[in-house]
Amino acid sequence: MPYWLMKSEPDELSIEALQHMERARWDGVRNYQARNYLRAMKPGDLFFFYHSSCPQPGIAGIGKILTASYPDPTALESDSHYFDINSTSANNRWSAVDVGFVDAFPAVIPLSHLKALPQLAELALVKKGSRLSVMPVSPVAWQSILTLA
DNA sequence: GCCAACGTTGGC
DNA sequence: GCCAACGTTGGC
């Protein structure tokens with residue numbers, strides 16, 4: 001069972017907000033590499049929920065993938081921030097998945113702690129200049145991050 | 001708000 | 001197919 005990490009700005013969706021929702025649609029991904037990872041996800045996969053662009057960037061908890069990927073409806077909504085003029089219902093370039101809540105950590109694991117873990121050296125999150133918002137996490141990396149939670 | 005680093009676009 | 005210009009990401 002693959003593990004993942006996905007970034008969200010808590011103003012848009014936080015782990016606390018997800019906790020009170022039946023499910024949420026993870027949409028708005030507009031990067032091909034990240035999209036391809038969405039397409040590789042399977043129901044039941046777990047992911048670390050990362051809070052980005054906020055006062056305390058870091059991993060805030062765990063979520064679960066509930067659906068296989070499907071065409072991202074926001075790409076077709078002309079009033080959406082994520083509207084893509086090059087996508088049509090017949091040929092939507094972008095994908096979304098539905099996610100559910102699993103766990104909220106007592107405290108956010110700060111990015112600085114993640115960077116200090118040698119087991120995470122290959123994780124895109126901690127690589128200089130990387131902006132990837134959806135990425136795979138190896139089982140070893142998953143376990144070592146859990147020890148920080 | 002700054003800015004380094006990156007991905008995408010489009011002229012040639 | 002190259003690459004300059006541009007827009008975006010995201011930590012600080």
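In what follows, every chain begins at residue 1, and chains take the letters A, B, ... in the order their sequences are listed.
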*State, to 0.1 Å, how close A:Val29 and A:Asp72 come at their nearest heavy-atom pair, and which atoms those are.*
N-OD2, 4.3 Å
_Nearest-angstrom distance from the residue atom CZ of A:Arg30 to P of B:dT8_ = 13 Å
*Whole-Å gap separating C1' (B:dC6) and NZ (A:Lys7)*: 11 Å
*C:dG10 C1' sits how many Å from A:Asn31 CG, rounded?*
14 Å
*Under 4.0 Å between any heavy atoms, over every strand shown, what does A:Lys115 touch: base, sugar-phosphate, or nothing? Just pick one.*
sugar-phosphate
*Taking the six-membered ring for Trp, are the ring centroids of A:Tyr70 and A:Trp94 within less than 6.0 Å of each other?*
no
*Distance in angstrom units between A:Lys128 NZ and B:dC6 P, rounded*: 8 Å
*asked:* Rounded to whole Å, how long is the line connecting atom OH of A:Tyr32 with atom C1' of B:dT9?
replied: 11 Å
_Can you confirm whether the side chains of A:Ser52 and A:Arg131 place a donor and an acceptor under 3.5 Å from each other?_
no
*Would A:Asp84 and A:Arg30 pass as an ion pair if we require N to O under 4.0 Å?*
no
*Nearest-Å distance, OH (A:Tyr50) to P (C:dT9)?*
15 Å
*Round to the nearest Å and state the distance from A:Ile85 atom CD1 to B:dG10 atom P.*
11 Å
*What is the distance, rounded to the nearest whole Å, between atom CG of A:Leu125 and atom C1' of B:dC6?*
15 Å
*Presence of donor-acceptor pair under 3.5 Å, side chain of A:Arg131 and base of C:dT8*: yes
